[in-house]
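For reference, the structure is listed below as structure tokens.
Nothing here was measured: the structure is a model prediction, and the numbers come from that model.
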Amino acid sequence: MKTVSILSEDLKLVMSGPAGRESIAIEGEYQDGILSHSVFSQVGLMHLVAPYLPERISANFPVLGPMRQLIGAMYASEKRRPPVFQAPEEISKRPLGLKTDSGKAVVSYSAGKDSIWNMWWAQEKFGTGNVLASHISGLNRANASMERKYAERQRQEFGFENFSVINLRNGSQNRGYRVMRSRDIFLVGITV
């Protein structure tokens with residue numbers, strides 16, 4: 001595949017590529033603002049191109065330098081040259097005025113062993129009321145319904161005080177083992 005085209009529409013990305021039209025979108029409750037749209041467009045782009053590793057990526061939004069580097073590293077891990085980007089220039093780098101709290105944590109929670117351990121560790125360090133378990137439902141289409149079911153069951157059994165589900169409508173072909181090319185970056189970006 002030589003070129004893919006990706007269009008951003010708020011919290012939805014649509015890609016025209018080798019399998020036709022593919023899309024991902026966040027539905028339901030989710031922070032709706034400039035930062036969330038920007039982060040979603042960056043990590044969503046990586047998720048959509050991961051199965052194909054096209055030579056050129058055309059986007060109707062700026063693809064930021066750090067994301068270009070991460071995507072380049074993903075290509076390098078597959079012994080491929082980084083793609084050429086055709087996208088608008090990055091706009092201003094004004095401060096976002098984000099407030100953080102070093103006494104709180106969020107854990108991307110998929111219900112696997114790593115998630116359970118990370119949740120235990122974070123609760124031990126910060127206290128159960130200061131840790132949010134956040135599950136992205138629909139990321140890996142090969143097992144999305146089971147992952148959500150187990151995450152919700154573990155929430156009940158382990159008594160997580162703070163638990164959120166981010167609903168991803170996933171119309172991409174990125175599934176199964178291939179999802180690992182972009183999964184961790186996507187999880188962290190969307191959760192934060």
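- Residue Arg21 holds its CZ atom at 7.5 Å from OG of Ser16, rounded to the nearest 0.5 Å.
- By the criterion of side-chain heavy atoms lying less than 4.5 angstrom apart, applied directly or through intervening Ile, Leu, Val, Met, Phe, Trp or Tyr residues, Leu70 is grouped together with Ile24 in one hydrophobic cluster.
- Taking each heavy atom of Pro51 and Leu48 in turn, the nearest pair found is CD-O, 3.3 Å.
- For Asn174 (side chain) and His47 (main-chain N/O), a donor-acceptor pair under 3.5 Å exists by modelled atom type.
- Remark: Asp114 CG to Trp121 CH2 distance equals 14.0 Å, nearest 0.5 Å.
- With sequence neighbours excluded, the residues forming a side chain to side chain contact (heavy atoms under 4.5 Å, CB included) with Thr191 are Val106, Ser108, Ser134, Ile136, listed by chain and number.
- A continuous path of Ile, Leu, Val, Met, Phe, Trp and Tyr side chains, each step under 4.5 Å between heavy atoms, connects Leu11 with Val63, placing both in one hydrophobic cluster.
- Each of Arg148, Arg155, Gln156 was scored for a side-chain hydrogen bond (donor to acceptor under 3.5 Å, both in side chains) with Glu152, with one residue passing: Arg148.
- Within the 3.5 Å criterion, the main-chain N or O of Ala111 finds a donor-acceptor partner in the side chain of Gln154.
- The CG atom of Leu53 sits 5.0 Å away from atom OH of Tyr75, with the distance rounded to the nearest 0.5 Å.
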message: side-chain contact (heavy atoms from CB on, under 4.5 Å) for Leu168 and Ile166? Distances and angles first, verdict last.
response: CA-CA 6 Å; Leu168 182 69; Ile166 299 169; 5.7 Å; no
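- Between Ser182 and Met46 there is a side-chain heavy-atom pair separated by less than 4.5 Å.
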query: Going through the checks in order, is the side-chain hydrogen bond (donor to acceptor under 3.5 Å, both in side chains) test met by Asn60 and Ser8?
result: CA-CA 7 Å; Asn60 71 338; Ser8 174; 5.0 Å; no
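- Hydrophobic clustering, with ILVMFWY side chains joined whenever heavy atoms are under 4.5 angstrom apart, groups Trp120 together with Ile116.
- Residues Asn130 and Gly103 share a closest heavy-atom pair of CB-O, 3.4 Å.
- Residues Ala122 and Ala105 come closest through the heavy atom pair CB-CB, 4.4 Å.
- Using a 4.5 Å cut-off between side-chain heavy atoms of Ile, Leu, Val, Met, Phe, Trp and Tyr, with links allowed through other members, Val165 and Val107 fall into the same hydrophobic cluster.
- Here the shortest heavy-atom pairing between Glu161 and Gly129 reads OE1-CA, 3.4 Å.
- Nearest heavy atoms, Gly189 versus Val43: CA-CG1, 4.2 Å.
- Contact check for Gln173 versus Pro18: no side-chain heavy atoms found under the 4.5 Å cut-off.
- Side-chain contact annotation: Ser172 with Asn170, donor-acceptor N/O pair under 3.5 Å present.
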Side-chain polar contacts of residues 25-34 - donor-acceptor pairs under 3.5 angstrom, sequence neighbours left out - could you list them?
residue: Glu27; atom: OE2; partner: Arg169; partner atom: NE; Å: 3.1
residue: Tyr30; atom: OH; partner: Ile190; partner atom: O; Å: 2.9
residue: Asp32; atom: OD1; partner: His37; partner atom: NE2; Å: 2.4

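- One finds the CZ atom of Phe126 at 9.5 Å from the CG atom of Asp101 (value rounded to the nearest 0.5 Å).
- Contact of the Val39 side chain with the Leu35 side chain is registered, since non-hydrogen atoms from C-beta on lie closer than 4.5 Å.
- The hydrophobic cluster containing Val14 does not contain Ile57, counting ILVMFWY residues as joined when their side-chain heavy atoms lie under 4.5 angstrom apart, directly or transitively.
- The ring of Tyr109 has its center no closer than 6.0 angstrom to the ring center of His135.
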query: side-chain hydrogen bond (donor to acceptor under 3.5 Å, both in side chains) between Glu22 and Tyr52: does it pass, once the steps are laid out?
result: CA-CA 12 Å; Glu22 297 179 48; Tyr52 307 110; 2.5 Å; yes
Evaluation steps, side-chain contact (heavy atoms from CB on, under 4.5 Å), between Val49 and Ile6: CA-CA 9 Å; Val49 302; Ile6 299 179; 3.8 Å; yes
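- Using a 4.5 Å heavy-atom threshold, the side chains of Lys104 and Val131 count as separate.
- At least one side-chain heavy atom of Leu13 sits under 4.5 Å from a side-chain heavy atom of Ser41.
- Atoms CE and CE, on Met74 and Met67 in that order, are 9.0 Å from each other to the nearest 0.5 Å.
- A distance-only check finds no donor-acceptor pair linking the side chain of Arg56 to the backbone of Val4 [under 3.5 Å].
- A distance of 5.5 Å separates OG of Ser23 from NZ of Lys12, quoted to the nearest 0.5 Å.
- When side chains are defined from C-beta on, Glu55 does not count as touching Pro83, because their heavy atoms never get closer than 4.5 Å.
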- request: Take Arg153 and Tyr150 through the test side-chain contact (heavy atoms from CB on, under 4.5 Å) and record every step on the way to the result.
  value: CA-CA 5 Å; Arg153 182 186 298 165; Tyr150 290 129; 3.5 Å; yes
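- Taking the side chain as every heavy atom from C-beta outward, Leu45 and Ile71 approach each other to under 4.5 Å.
- Of all non-hydrogen atoms in Leu132 and Met119, the two that sit nearest each other are C-CE, 4.4 Å.
- Salt bridge present: Glu78 and Arg181 bring a charged side-chain N and a carboxylate O closer than 4.0 Å.
- By the 30° and 60° cut-offs, the orientation of the rings of Phe160 relative to Phe158 is tilted.
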